Amino acid sequence: MTTFPRRLSLGQLPTPLHRLYRAEKRWGKGHRLWIKRDDLTGCLLTGNKVRKLEFIAAHAIDNGFDTLLTCGAVQSNHCRATAFVGAQLGLAVHLILAGPPDESNKGNFFLDKLSGAEISHYGKSEYKKNLNSILLEWQEHYAAKGSKALIIPTGGSDGLGIWGYIAAAQEISQDLKRENITESHVICATGSGGTQAGLSIGAEICDLPALIWGVNVSDNADYFIRKIKRDFNDLKSRSSGFDNIKLEARVLDGYVGEGYGKAGSIIYELISELASLEGIILDPVYTGKAFHGMIAEIAKGTFSEAKDIIFVHTGGIFGLFASNEGIRA
Ligand SMILES: *Cc1c(COP(=O)(O)O)cnc(C)c1O
């Protein structure tokens, strides 16, 4: 049996599993389409990051950390979620952001500022080159002041954060039982790999009748297969009980488009269409591309052997408010 580390209760869990009746008529090709509503994990804590932060924050508190130090893009959902977890727990938060302040002051970045988090901006190339040393320098800075800062990696994806989606796989296992689903495909957006890693490991642990797939929104399949392996090895170095788990990372590559955070008209049109068809909002950075990838792969017949397809809605709504130029309202 797997022993879970301690977690705090921060997300509104379990999240619902809905059937998408009209979307499956439009794109399903005979499959039944479902959506796991991890966009409903909370208002300010909306999305997938809070599941990881439940374990990360418990670790921080149990080990005497008083500051959460993390990093990401200016419109990072992970940084916004970390900022509000910190505010809710009375922990200081310091965000290291790639690129200059968003002048329009929108979306996640706007919320970061409301949260009271300390924010430092670095040029994109310096950030890319020196992220680890920047984080370590800040950690030393806090140590010199008598504070203890926990470095949380990009997206909260490491051997600690991925427990959030191991636990989510258990939750999905209950969902599938309730709906009598015996064979399925589960699809999520992959940005730093932790969601896919946790779901893939969790699926093995609870014998989930599902194959897990990630649609990468940056880099490529090779990169994420390596990243997911690295997170799994980190998990094994911290916890026992995984020796018999065989991890397979299935990446659906080809849907990055112009690059991370850049969405074309196909994605914006899909966001509009799903909003009116099902009353569900996707975001241009992650879930819009993943949903697009899912329906493209359905059209190709990739999932032909199972009737049920489950899209994990990983959140991101504030990113839409930061970048909605592509939407005709
Ligand atoms: C971070 C994020 C993802 C990607 O999850 P990872 O665990 O980083 O791969 C997907 N969707 C949204 C909305 C996110 O914020």
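Both counts, for ligands and for their atoms, begin at 1 and track the order of listing. Quick caveat, the model's predicted, so the values are computed rather than measured.
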Worksheet item: Mind checking whether W163 and F4 have ring centres under 6.0 Å apart?
Response: yes
Worksheet item: Are Q196 and T190 linked by a side-chain donor-acceptor pair shorter than 3.5 Å?
Response: yes
Report the hydrophobic cluster partners of [X], with the cluster defined as I, L, V, M, F, W, Y residues connected by side-chain heavy atoms closer than 4.5 angstrom, directly or transitively.
| X | result |
| --- | --- |
| I134 | L69, I96, Y122, Y127, L131, L135, L136, W138, Y142, I151 |
| I266 | none |
| V285 | V217, Y260, Y286 |

Worksheet item: List by chain and number: which residues place a heavy atom under 4.0 Å from ligand 1?
Response: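 Ligand 1 is contacted, at a heavy-atom distance under 4.0 Å, by N48, K49, K52, N77, S157, A189, T190, G191, S192, G193, G194, T195, Y286, T314, G315, G316.
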Discussion item. Just checking K307: does its NZ atom have more than 12 heavy atoms from other residues, nucleotides or ligands closer to it than 6.0 angstrom?
Written reply: no
